[in-house]
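Chain letters run A, B, ... following the sequence lines, proteins first, then strands; residues in each count from 1.
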Amino acid sequence: MSPDFSKKLLDWNKKENNRAMPWKGETDPYKIWLSEIILQQTRVEQGWAYYEKFVKAFPTVHHLAKAPSQKVFKLWEGLGYYTRCKNLIETAKKISKDYNGKFPNSYEEIKSLKGIGPYTAAAIASFAFNLPYAVVDGNVERVLSRYFGINTPVDTTSGKKIYAELANAFLDKKQAGIYNQSIMDFGAVICKPQNPLCKVCPQQKDCQAYKHGLIEILPVKAKKLQKKERWFYYFIIEFDGGIYIRERRENDIWQSLYEFVLYEAKHAITEKDMLRSDVIKHVFGKQKIAINKISNVYKQQLSHQTIHVQFIHIAITKPILVEEYLLIRRKDLMKYPFPKSIAVYLNELKVS
DNA sequence: AAATCGGGGTC
DNA sequence: GACCCAGATTT
């Protein structure tokens, strides 16, 4: 173990780190919190524009707390992991009301808030209040795993414990915020997942992974996720200038987002099968329907699922009554948050 | 302890 | 196609 790991890290930060981000150096805990929620499992480049949109739309936690949740979700649209948005709204309301708009300043209290786990609590505590809590994100795990040559899988309970203890042991407690920022920047800029810049790395001579040729091996992950395939057939049913949509509420992907009348199948089906589906029978009964237009099949790749999506346009002359579906005005369609695949299709429709 | 939850960039 | 990203929560 090299005692000067922290010193070299801070030295690198001071002299060579020129990574710039809109929330860097921010002292308002509200904005720090906002940035951290947006960045969970999300690349800085992807979250950047969302952060700026949110800060502009909701300059304070009160603005966010009193905003209609549909508007907040619309701003979040396309960013993924939508329960983050749900928790964001819930926590904003709590801080606005119970805390009078003032963010709590103890680690335990911060961590008790919805959507804030060990990483985010440490980030807020250290960046906003300079409290001595080490962040452990993917960057930190990678840096520590390589530097100390640890092959305990990062995605296990024992692994998490080891990396958390190491991170806290090497944390510079007098400048926790700067230290935390430094180690994450270092992981993102130098000790990258692929093709790390070992040639210019200031820690090279003490790095166990470099010494033993394990850079490509570390860090280790135990599990690999398995994938599912699903086929979504969306019926875009128009009646008298309106369209039927509903909010997804089940325990499944895209909770709180909206969708058209859905028939899900376990495999690809034909047009005839679509019309024979239970959904269609349920929705239309014996009313005769005609397909106006049928789209290509689009493929949306999630981390753990492949979704095949097709849109079937249907116009009807009598309204249908289906629980949970709303008949909304066509011009209001874009006010609702949709999954990426639907949002993309709707944009194509507008253009063409 | 394992499974879920998105979307995008990189190799 | 596989891996990873400023992880958290539910099962």
Side-chain angles (χ1 to χ4, degrees), chain A residues 19 21-24 26 32-51 73 76-88 90-91 110-127 133-143 145 153-161 163-164 167 177 180-189 191-196 216-217 219-228 230 248 250-257 299-307 337-344:
Chain A
R19 193 183 193 205
M21 296 172 293
W23 48 84
K24 201 164 174 177
E26 179 61 59
I32 294 168
W33 163 66
L34 188 55
S35 72
E36 294 301 341
I37 302 301
I38 288 173
L39 291 170
Q40 285 169 1
Q41 286 294 286
T42 302
R43 290 168 186 274
V44 164
E45 297 73 25
Q46 191 188 358
W48 193 302
Y50 282 86
Y51 172 78
F73 270 99
W76 195 275
E77 183 184 76
L79 193 55
Y81 284 168
Y82 296 93
T83 56
R84 287 185 293 171
C85 187
K86 184 182 166 196
N87 290 332
L88 187 80
E90 190 179 329
T91 293
I110 294 169
K111 193 177 163 307
S112 75
L113 299 166
K114 279 278 174 63
I116 299 184
Y119 163 78
T120 304
I124 296 170
S126 64
F127 294 149
Y133 293 88
V135 293
V136 184
D137 71 336
N139 290 305
V140 174
E141 288 170 349
R142 186 172 57 253
V143 170
S145 165
V154 294
D155 55 345
T156 58
T157 306
S158 59
K160 294 210 179 307
K161 187 157 180 275
Y163 294 105
N180 280 336
Q181 186 63 58
S182 301
I183 192 168
M184 288 195 286
D185 284 346
F186 182 79
V189 174
C191 198
K192 300 182 293 176
Q194 295 164 311
N195 303 324
E216 310 279 331
I217 306 296
V220 173
K221 279 201 178 174
K223 326 174 180 87
K224 52 177 96 173
L225 48 109
Q226 50 183 15
K227 294 185 174 174
K228 278 189 281 189
R230 305 169 74 177
R248 288 178 64 88
E250 284 148 52
N251 217 10
D252 193 7
I253 56 171
W254 301 332
Q255 237 183 97
S256 307
L257 302 192
K299 197 159 86 171
Q300 182 175 14
Q301 191 61 58
L302 310 186
S303 314
H304 46 297
Q305 300 182 25
T306 304
I307 317 286
F338 291 103
K340 192 73 177 177
S341 48
I342 294 181
V344 167

Novice: With nearest nucleotide decided by heavy atoms, which residue, A:Asn87 or A:Glu45, maps closer to the 5′ end of DNA chain C?
Specialist: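 Taking each residue's closest nucleotide, the earlier one in sequence belongs to A:Glu45.
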
Novice: Just the rounded figure in Å: distance from C1' of C:dA6 to CE of A:Met21.
Specialist: 8 Å

Novice: So, is A:Gln41 near the phosphate of C:dG7, with a side-chain N or O under 4.0 Å from OP1 or OP2?
Specialist: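 Looking at the OP1 and OP2 atoms of C:dG7, one of them is under 4.0 Å from a side-chain N or O of A:Gln41.
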
Novice: Of A:Ser341 and A:Lys228, whose closest DNA chain B nucleotide lies nearer the 5' terminus?
Specialist: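 By nearest-heavy-atom nucleotide position, the 5'-most residue is A:Lys228.
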
Novice: Would you measure the distance from the C1' atom in C:dC5 across to the matching atom in B:dA1 and give it in whole Å?
Specialist: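 The answer is 23 Å between these two C1' atoms.
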
Novice: Using modelled atom types and a 3.5 Å cut-off, is there a donor and acceptor pairing between side-chain atoms of A:Arg248 and backbone atoms of A:Leu257?
Specialist: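 No.
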
Novice: Is a side-chain donor-acceptor pair under 3.5 Å present for A:Tyr119 with A:Glu36?
Specialist: yes

Novice: In Å and rounded to the nearest 0.5 Å, what is the CG to CG distance from A:Leu88 to A:Leu113?
Specialist: 11.5 Å

Novice: Under a 3.5 Å threshold, yes or no: a donor from one side chain and an acceptor from the other, between A:Gln40 and A:Thr120?
Specialist: yes

Novice: Output the distance between atom CG (A:Leu39) and atom CH2 (A:Trp48), rounded to the nearest 0.5 Å.
Specialist: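 Rounded to the nearest 0.5 Å, the CG-CH2 separation comes to 10.5 Å.
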
Novice: Between C:dA6 and B:dT4, how far is it from one P atom to the other, in whole Å?
Specialist: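 Nearest-Å result for C:dA6 against B:dT4 at atom P: 25 Å.
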
Novice: Whole-Å distance between C:dA6 P and A:Leu34 CG?
Specialist: 17 Å

Novice: Please identify which of these residues, A:Gln301, A:Lys228, A:Lys227, meets the side-chain hydrogen bond (donor to acceptor under 3.5 Å, both in side chains) condition with A:Thr306.
Specialist: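 When side-chain hydrogen bond (donor to acceptor under 3.5 Å, both in side chains) is applied between A:Thr306 and each of A:Gln301, A:Lys228, A:Lys227, only A:Gln301 qualifies.
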
Novice: To the nearest Å, how far apart are A:Ile217 CD1 and C:dC3 C1'?
Specialist: 14 Å

Novice: Of the options C:dA8, C:dC4, C:dA6, whose atoms approach the side-chain atoms of A:Gln40 most closely?
Specialist: C:dA8

Novice: Using a cut-off of 4.0 Å on non-hydrogen atoms, how would the nucleic acid contact of A:Glu216 be classed: base, sugar-phosphate, or nothing?
Specialist: nothing

Novice: Counting any heavy atom closer than 4.0 Å, what does A:Lys114 reach on the DNA or RNA strands: base, sugar-phosphate only, or nothing?
Specialist: sugar-phosphate

Novice: Rounding to an integer number of Å, can you tell me how far A:His304 NE2 sits from C:dC5 P?
Specialist: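 A:His304 atom NE2 is separated from C:dC5 atom P by 17 Å.
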
Novice: Walk along DNA chain B from 5' to 3' and tell me the first and last nucleotide with an atom closer than 4.0 Å to a non-hydrogen atom of chain A.
Specialist: B:dA1 to B:dC11

Novice: Under 4.0 Å, heavy atoms only, any strand: does A:Gly187 hit a base, just the sugar-phosphate, or nothing?
Specialist: nothing

Novice: For DNA chain C, what dot-bracket results from Watson-Crick or G-U pairs at under 3.5 Å, with [ ] for crossers and | for inter-strand partners?
Specialist: |||||.|||||

Novice: Determine the contact category for A:Trp23: base if any of its heavy atoms lies under 4.0 Å from a base atom, sugar-phosphate if only primed atoms, P, OP1 or OP2 are that close, otherwise nothing.
Specialist: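 The answer is base, as A:Trp23 lies within the cut-off (heavy atoms under 4.0 Å) of a base atom.
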
Novice: Assign A:Val135 to base, sugar-phosphate, or nothing according to its heavy-atom contacts below 4.0 angstrom with the strands shown.
Specialist: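 No contact.
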
Novice: On a heavy-atom basis, which atom in A:Ser145 and which in A:Pro219 lie closest, and how many Å separate them?
Specialist: OG-CA, 3.3 Å

Novice: When the distance from CG of A:Asn195 to P of C:dA2 is rounded to whole Å, what number comes out?
Specialist: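 Spelled out: CG on A:Asn195 to P on C:dA2 is 20 Å.
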
Novice: Is a side-chain donor or acceptor of A:Asn180 paired with a backbone partner of A:Tyr133 at a separation under 3.5 angstrom?
Specialist: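 Checked: pair present.
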
Novice: Using the P atom on both, measure C:dT11 against B:dG6 and round to a whole Å.
Specialist: 14 Å

Novice: Rounding to an integer number of Å, can you tell me how far A:Trp33 CH2 sits from C:dA8 P?
Specialist: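 Going from A:Trp33 (CH2) to C:dA8 (P), I get 14 Å.
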
Novice: A:Ser35 near the nucleic acid: base, sugar-phosphate alone, or nothing, with a heavy-atom cut-off under 4.0 Å?
Specialist: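 Result for A:Ser35 = nothing.
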
Novice: Has the side chain of A:Lys160 got a donor or acceptor atom that lies under 3.5 Å from a matching backbone atom of A:Val154?
Specialist: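 Looks like yes, one N/O pair under 3.5 Å.
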
Novice: With a 4.0 Å cutoff (strictly under), does any side-chain N or O of A:Ser303 reach OP1 or OP2 of C:dC4?
Specialist: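 So the side chain of A:Ser303 is outside the cut-off, no N or O lying under 4.0 Å from OP1 or OP2 of C:dC4.
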
Novice: Can you tell me the distance, in whole Å, between the CG atom of A:Leu225 and the P atom of C:dC3?
Specialist: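 The distance from CG of A:Leu225 to P of C:dC3 comes to 8 Å, rounded to the nearest Å.
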
Novice: Could you tell me how far apart A:Glu141 (CD) and C:dC3 (P) are, to the nearest whole angstrom?
Specialist: 16 Å

Novice: With a non-hydrogen cut-off below 4.0 angstrom, is A:Arg142 in contact with a base, only sugar-phosphate, or nothing?
Specialist: sugar-phosphate

Novice: With nearest nucleotides of DNA chain B determined for A:Ser158 and A:Arg43 from heavy-atom distances, which residue corresponds to the more 5′ nucleotide?
Specialist: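 It is A:Ser158 whose nearest nucleotide is closer to the 5' end.
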
Novice: Give a yes or no on whether the backbone of A:Phe338 and the side-chain of A:Glu77 come within a donor-acceptor separation of less than 3.5 Å.
Specialist: yes

Novice: Would you say C:dT11 has OP1 or OP2 under 4.0 Å from some side-chain N or O of A:Asn251?
Specialist: yes

Novice: When all nucleic acid strands are considered with a 4.0 Å heavy-atom cut-off, which category describes A:Gln305: base, sugar-phosphate, or nothing?
Specialist: sugar-phosphate

Novice: What distance do A:Glu250 atom CD and A:Gln255 atom CD have between them, rounded to the nearest 0.5 Å?
Specialist: 9.0 Å

